[in-house]
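Below: the structure, in structure tokens.
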Amino acid sequence: MPQYDYDLFVIGAGSGGVRASRVAAGLGKKVAVAEDRYLGGTCVNVGCIPKKLLVYASHYSEDFEHAQQGYGWTLGPRSFDWATFIAKKDTEIQRLNDFHDRLLSNAGAEQVWGRATVAGPHEVRVGDRSFRAEHILVATGGWPDVPDFPGREHAVTSNEMFHLKELPRRTVIVGGGYIAVEFAGIMNGLGSQVTQLYRGPLFLRGFDDDVRSVLAEEIRKKGVDLRFDTNITALEKAPDGSLRATLTDGSELAADQVLFATGRRPNSAKLGLEELGVELRANGAIVVDEYSRSTVPSIHAIGDVTDRIALTPVALHEAMCLVKTLFEGKPTAPVHENVPAAVFSQPPVGSVGLSEAQARERYDAVDIYRSRFRALKHTLTGADETTMMKLIVDRESDRVVGLHLVGADAGEIVQGFAVAIQCGATKAQFDATIGIHPTSAEEFVTMREPVGDA
Ligand code: NDP
């Protein structure tokens, strides 16, 4: 009689949980995965995927304008219908939910619907069912975190933005991270009047300073009222349903929708973890070792609930490493260095490696290569949007240690260059690479003169 019913019990069928479940099941392991909300987690349902669809939808306004201004198109009357688009988006999300369902079933992983709690180092309960597993994996993700202030209940989070009944005429967005800048571009492109408030002097803390300041300029050019050193202290609802925000300087701002994109908290509460001795950080993140093992050796955690790097591809990588560690006899620690990232702002940002400030701290001397130009497309549209590219090179080894781009297709371009950075490419190797003409990306292999050093 085996000691356990399952080799692996996964709590949470988001990006990381589904990947770990199906790969472990594919190896012939007995796997169950519990979920109580939706298959595919935040990314599929209220994150990356619907967000990117919204970005596409919102880009058309500018594309139509550019076609007319610069490329000889004559366009008839045009309008955007929020409800039609949201219905199409929902159909696609449903298709992805079904796809995840099939992925799990085809791999032979059992799905258990309901809220799971950990009842012992090897025991999970879902409703009145109990499951004994050799390994438990917590992959429960995160949840939007809204600070306390009078009128907080009138604000929405990114979760609700995907299901609004109508496009707000005036949107106020609080926050200066990924979600805030992405929604500022989306709502602005769709025709809402957008004000974005960030509490500090410059948003996107942690990104390269040139990226932050250039993006702020470009976002303002597109018509977003971007205000720094400002926050909301109170929110009131008027009898007509509109909202009135009081700001830190005492002034007031009217809005039809207020989005708080002020960060996300790991989803670790009420899972029974602390009672078992699983250590959590102050923000609820599960403390794990380099192999994603919690302080209880049979309980593991990956993805946003560990608050390492909250990105889907990182959760997938952590899942693959965990399966290798637990079931293939190859202890594999996930690598959290040189993780490329894109912010789907308008224009978008792509980054891999170190910011200039981080590089200057780590290396004795760095060379900075920077270029800012108007992309070919806009020579005809007349738009004053500019592209910014930046390389950071460690002078001693000649390795490119940071690469940053603000401009069209940033995510697509930087994904390719991330391979070069991962391989430790030097500036000389960048220089020896022939460009593709005419593209913006060729600038990364043709920048010859450093603009500054330390
Ligand atoms: P972030 O942590 O990126 O940003 C949170 C923002 O809210 C920061 O600007 C922060 O300011 C501000 N903030 C925090 N608390 C308060 C407060 N009390 N009052 C006012 N402002 C506050 O979180 P997001 O919610 O934008 O996104 C969560 C994570 O999801 C991201 O970090 C990213 O990992 C992931 N994500 C990735 C995307 C992508 O890959 N394109 C897209 C969307 C999300 P400060 O900097 O001063 O602390």
Side-chain angles (χ1 to χ4, degrees), residues 14-16 41-56 141-152 155-162 172-186 195-207 209 211-212 215-216 219 226-235 245-248 258-267 283-285 303-318 336 339-352 355 405-406 410-412 414-415 418:
S15 304
T42 300
C43 178
V44 164
N45 294 277
V46 286
C48 332
I49 303 294
K51 179 275 308 291
K52 190 84 187 277
L53 296 175
L54 275 160
V55 170
Y56 287 133
W143 199 250
D145 189 32
V146 179
D148 247 337
F149 63 92
R152 174 188 197 266
V156 295
T157 70
S158 51
N159 286 348
E160 292 77 47
M161 289 300 284
F162 296 103
V172 171
I173 298 175
V174 181
Y178 284 77
I179 296 179
V181 295
E182 289 180 348
F183 268 106
I186 289 167
T195 308
Q196 183 183 351
L197 312 175
Y198 172 57
R199 64 180 174 180
L202 187 58
F203 62 9
L204 286 182
R205 189 162 57 83
F207 279 80
D209 285 347
V211 166
R212 299 164 75 196
L215 186 66
I219 285 181
L226 178 58
R227 304 188 196 176
F228 294 146
D229 293 311
T230 310
N231 211 342
I232 285 184
T233 55
L235 198 53
T246 308
L247 309 185
T248 32
V258 175
L259 162 65
F260 266 72
T262 43
R264 296 173 60 86
R265 276 178 85 84
N267 243 339
N283 69 351
D304 292 6
V305 76
T306 62
D307 195 25
R308 287 177 281 186
I309 299 178
L311 297 174
T312 283
V314 174
L316 300 179
H317 170 63
E318 290 167 358
H336 293 103
V339 172
V343 185
F344 295 98
S345 45
Q346 297 181 32
V349 171
S351 276
V352 57
S355 67
L405 164 58
V406 182
E412 306 292 343
V414 170
Q415 179 68 83

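Numbering of residues begins at 1 and proceeds along the displayed sequence. Note: hydrogens, waters and symmetry copies are ignored here, and every other heavy atom, side chains too, is used. In listed order, ligands and their atoms are each counted from 1.
At least one donor-acceptor pair under 3.5 Å links the side chain of Glu182 to the backbone N or O of Phe344. Distance alone, capped at 3.5 Å, places no donor-acceptor pair between the Arg265 side chain and the Trp143 backbone. In this structure, the side chain of Thr248 engages the main chain of Asn231 through a donor-acceptor pair within 3.5 Å. Proximity of a side-chain donor or acceptor of Thr230 to a complementary backbone N or O of Leu197 within less than 3.5 Å is not detected.
Protein residues are said to neighbour a ligand when one of their heavy atoms lies under 4.0 Å from it; for ligand 1 these are Lys51, Pro147, Gly175, Gly176, Gly177, Tyr178, Ile179, Glu182, Tyr198, Arg199, Arg205, Asn231, Ala261, Thr262, Gly263, Arg264, Ala310, Leu311, Ala342, Phe344.
For the pair Ser355 and Gly206, the tightest heavy-atom approach, listed with the atom from each and the gap, is CB-O, 4.5 Å.
For Arg205, the CZ atom sits in a loose shell: 12 or fewer heavy atoms of surrounding residues, nucleotides or ligands are nearer than 6.0 Å.
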